[in-house]
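Below is one structure, written out as structure tokens; comments come after it.
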Amino acid sequence: MTVTAAPDAPLLQVGTLTKTFGGFTALDNISVDIRKGERFGLIGPNGSGKTTLINCISGALRPQVGSVVFCGEDITQLPPHQRARRGIARSFQIPRPFKSMTVLENLMVGLDFATVGSSLPEEDIAMSILTRMGLASKAGAPTDTLSQVELRKMELARALAVRPKLLISDEAMAGLSSSEVDEVLDLLISLGEEDITIIMIEHIMQAVMRFSERVMCLDAGKIIAIGAPAEVMANKRVQEAYLGT
Amino acid sequence: MMKHRNSIAFWAGVAIFLVAVLSMTQIVRNEYPFFAGYVILQFIALAVAWSILGGYAGYVNFGTNAFFGVGVYTAVALFKATGAPLVVQIAAAAVIGMLLGFGVGLLTLRMRGIFFSIATIALAIIIETFVMNWRFVGGAAGIQLQRPPVTAPFDSYVKMLFFVQAILVVIAVGIARYIQNSRMGRGLQALRDDELAAECTGVPTLKLKLVACMISGALMSAVGAPAAMYLQYADPSSAFNLTYSVSALAMSLIGGTAHWIGPVLGAILLGSTQQFLAVTISSEINVLVLGIMLVLFVVGAPKGIIGLLRPRYRLRAGGKP
């Protein structure tokens with residue numbers, strides 16, 4: 001995978017997306033294309049619409065205006081499970097594990113429902129994902145015995161069980177120590193090397209800078225900057241949005 | 001391999017159960033055990049059917065009485081209109097129950113938790129009111145029914161009903177067990193834990209909820225269908241009695257909802273205690289016993305009997321291991 005290759009059709013095309021809640025406009029005419037294999041950082045102050053945007057992409061919310069096109073197919077009206085089956089997986093800002101299941105069983109849900117038949121037994125696939133995420137020793141553990149970082153990794157592992165083409169990570173590093181942030185970040189970067197396109201929402205700027213090939217900054221539901229990480233960080237409006245004027 | 005062996009053991013158990021029930025109807029002369037046993041079997045089937053939606057999917061249905069009563073009155077109406085045999089009455093009740101289940105399933109689109117439960121109570125009241133004003137099936141006064149002659153090899157109608165109800169128990173348990181071990185069981189468990197996370201992991205939550213509601217509803221109505229012939233009488237306030245809802249719920253919770261055996265154990269325990277007390281003390285004490293046992297279990301063993309027996313099911317039931 002190379003970034004310089006001739007641009008194919010984008011993996012994800014978000015077109016003129018507008019989402020309002022009553023009188024409040026959470027997303028205002030957002031258009032962005034995500035390339036195949038791209039590591040895309042999404043930043044913005046609290047309440048700027050980052051999570052609303054990925055909710056519209058993953059199907060948890062339906063926009064009033066605009067379209068979401070994935071792999072050339074318009075998925076704007078599809079329910080989340082149909083999108084998961086087409087290869088859109090996500091983690092949640094506040095982890096939402098299946099509490100009555102073990103870590104392994106959490107992954108089995110995705111393997112059972114989102115992926116088509118495979119030659120390997122599902123449990124082997126689940127175990128290989130867990131090994132990859134460094135959670136193999138926790139396979140049989142109930143989710144409420146996991147630490148915060150393990151829970152974050154389990155969410156990513158469960159998303160991987162869907163065999164995603166596009167992985168959306170919603171603040172997977174919130175509340176982690178700096179060594180744990182590096183750990184999760186390394187995992188995400190290594191996933192990106194495997195042709196999984198990743199959208200990462202994050203507040204930790206070092207992480208965003210290190211991870212992203214391109215960064216988009218939202219403020220009050222509008223795109224205020226998009227481009228290379230260093231450019232976006234240097235942008236005056238971005239600095240104003242974060243620091244206030 | 002393990003699963004295969006479990007299945008053999010399960011179906012062997014089912015065969016032994018049915019043979020035992022059948023021989024009992026041939027050997028035992030006294031009709032009382034069948035009268036009492038019928039009620040216990042009825043509650044086993046109801047509790048198992050309830051747990052498919054209430055336990056696996058976590059949607060607490062307070063409308064068991066609506067489904068039960070619809071079963072009773074489907075049988076009554078069909079019998080009065082056409083004299084259809086019992087099997088047809090039960091099958092028709094299952095179909096109507098399934099349709100009603102579909103309707104209840106649509107409620108889950110917008111309602112969750114306590115709101116869903118309240119809506120199901122309202123459903124029972126609406127249907128009961130409708131039946132009360134339906135002259136053809138006797139309205140509020142109820143209707144007397146003349147049992148048709150009993151078919152061989154049974155020598156009394158109650159014994160036959162006892163056997164029929166045993167078959168319904170087997171069907172209910174068979175279906176519940178199948179769901180529990182299938183992909184659908186895992187999907188229901190996932191959506192019970194977190195519906196949005198389940199959707200985003202590929203689980204078609206609405207479809208699974210609809211199917212669970214329809215199966216649960218069809219079973220409950222089928223279980224209700226023979227009740228008219230059992231009592232030779234039907235009236236709205238007993239067919240739609242809230243006790244059915246409370247019992248099915250209490251039996252499932254007391255037994256534990258993480259495994260199909262839970263509702264079975266709960267119904268046997270509560271059902272036979274109630275029958276025993278009804279004979280020795282009074283039938284009024286039933287509800288009291290139900291209440292006290294429910295309180296004791298909620299406090300002492302929130303994951304039910306199976307949670308006490310098998311700690312690993314405590315996790316499946318949604319609690320700490």
Side-chain angles (χ1 to χ4, degrees), chain A residues 51 54-55 57-61 78-117 122 126 140-145 154-155 157-164 166-168 170, chain B residues 1-3 51 54-59 108-110 112 179-212 256-259 262 302-304 306-307 310-321:
Chain A
T51 298
I54 65 154
N55 277 339
I57 295 172
S58 68
L61 293 174
L78 291 183
H81 72 268
Q82 294 281 4
R83 303 186 192 206
R85 288 172 184 186
R86 280 162 175 73
I88 299 181
R90 68 175 290 186
S91 70
F92 292 92
Q93 194 169 357
I94 295 157
R96 307 177 75 140
F98 302 128
K99 290 191 197 73
S100 71
M101 301 182 191
T102 64
V103 170
L104 185 76
E105 285 168 341
N106 264 269
L107 268 65
M108 297 293 284
V109 175
L111 289 167
D112 264 352
F113 283 94
T115 53
V116 272
E122 285 185 352
T143 53
D144 59 0
T145 62
M154 201 243 18
E155 282 243 315
R158 188 176 66 190
L160 287 179
V162 172
R163 299 269 185 89
L166 174 66
L167 174 66
I168 305 171
D170 192 355
Chain B
M1 199 58 203
M2 185 68 186
K3 240 179 189 172
S51 74
Y56 296 165
Y59 275 82
T108 68
L109 262 175
R110 297 201 162 271
R112 237 168 265 189
I179 292 176
Q180 186 186 320
N181 294 333
S182 72
R183 217 166 71 111
M184 181 179 171
R186 200 188 305 273
L188 290 174
Q189 196 185 346
L191 79 86
R192 183 192 63 185
D193 284 353
D194 192 320
E195 232 169 288
L196 178 61
E199 263 288 327
C200 289
T201 316
V203 181
T205 55
L206 178 61
K207 186 176 129 197
L208 289 190
K209 287 188 294 184
L210 283 175
V211 172
T257 53
H259 189 286
K303 301 306 162 203
I306 56 169
R310 306 275 293 269
R312 80 189 175 92
Y313 285 125
R314 270 183 245 171
L315 175 63
R316 277 194 71 144
K320 285 180 192 295

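Labels below follow one simple rule: chain letters A, B, ... track the order of the sequence lines, proteins then strands, and each chain is numbered from 1.
- A 4.5 Å side-chain heavy-atom check between V203(B) and F98(A) finds every atom pair outside the cut-off.
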* **Candidate pair H81(A) and T205(B), rule side chain to side chain contact (heavy atoms under 4.5 Å, CB included), full reasoning** => CA-CA 8 Å; H81(A) 72 268; T205(B) 55; 5.7 Å; no
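- D194(B) is not listed as a side-chain neighbour of F92(A), based on a closest heavy-atom distance of 4.5 Å or more.
- Contacts between V109(A) and chain B at a heavy-atom distance below 4.5 Å involve backbone atoms as well as side-chain atoms.
- The two residues F113(A) and P204(B) come nearest to each other via the heavy atoms CD2-CD, 3.6 Å.
- Summarising the geometry, atom CE belonging to M184(B) is positioned 13.0 Å from atom CG belonging to D112(A); distances are rounded to the nearest 0.5 Å.
- Judged as a side-chain hydrogen bond (donor to acceptor under 3.5 Å, both in side chains), and not counting sequence neighbours, E122(A) has no contacts.
- In plain terms, the two heavy atoms of C200(B) and R90(A) that are nearest each other are SG-CD, 3.8 Å.
- The backbone N or O of S100(A) sits less than 3.5 Å from a side-chain atom of D193(B), completing a donor-acceptor pair.
- Here the CE-OG1 distance, from M108(A) to T201(B), works out to 13.5 Å after rounding to the nearest 0.5 Å.
- Nearest heavy-atom pair, M101(A) versus R186(B), reported as atom, atom and distance to 0.1 Å: CE-O, 3.7 Å.
- Residues that satisfy the side-chain hydrogen bond (donor to acceptor under 3.5 Å, both in side chains) test with R85(A), not counting sequence neighbours, are absent from this structure.
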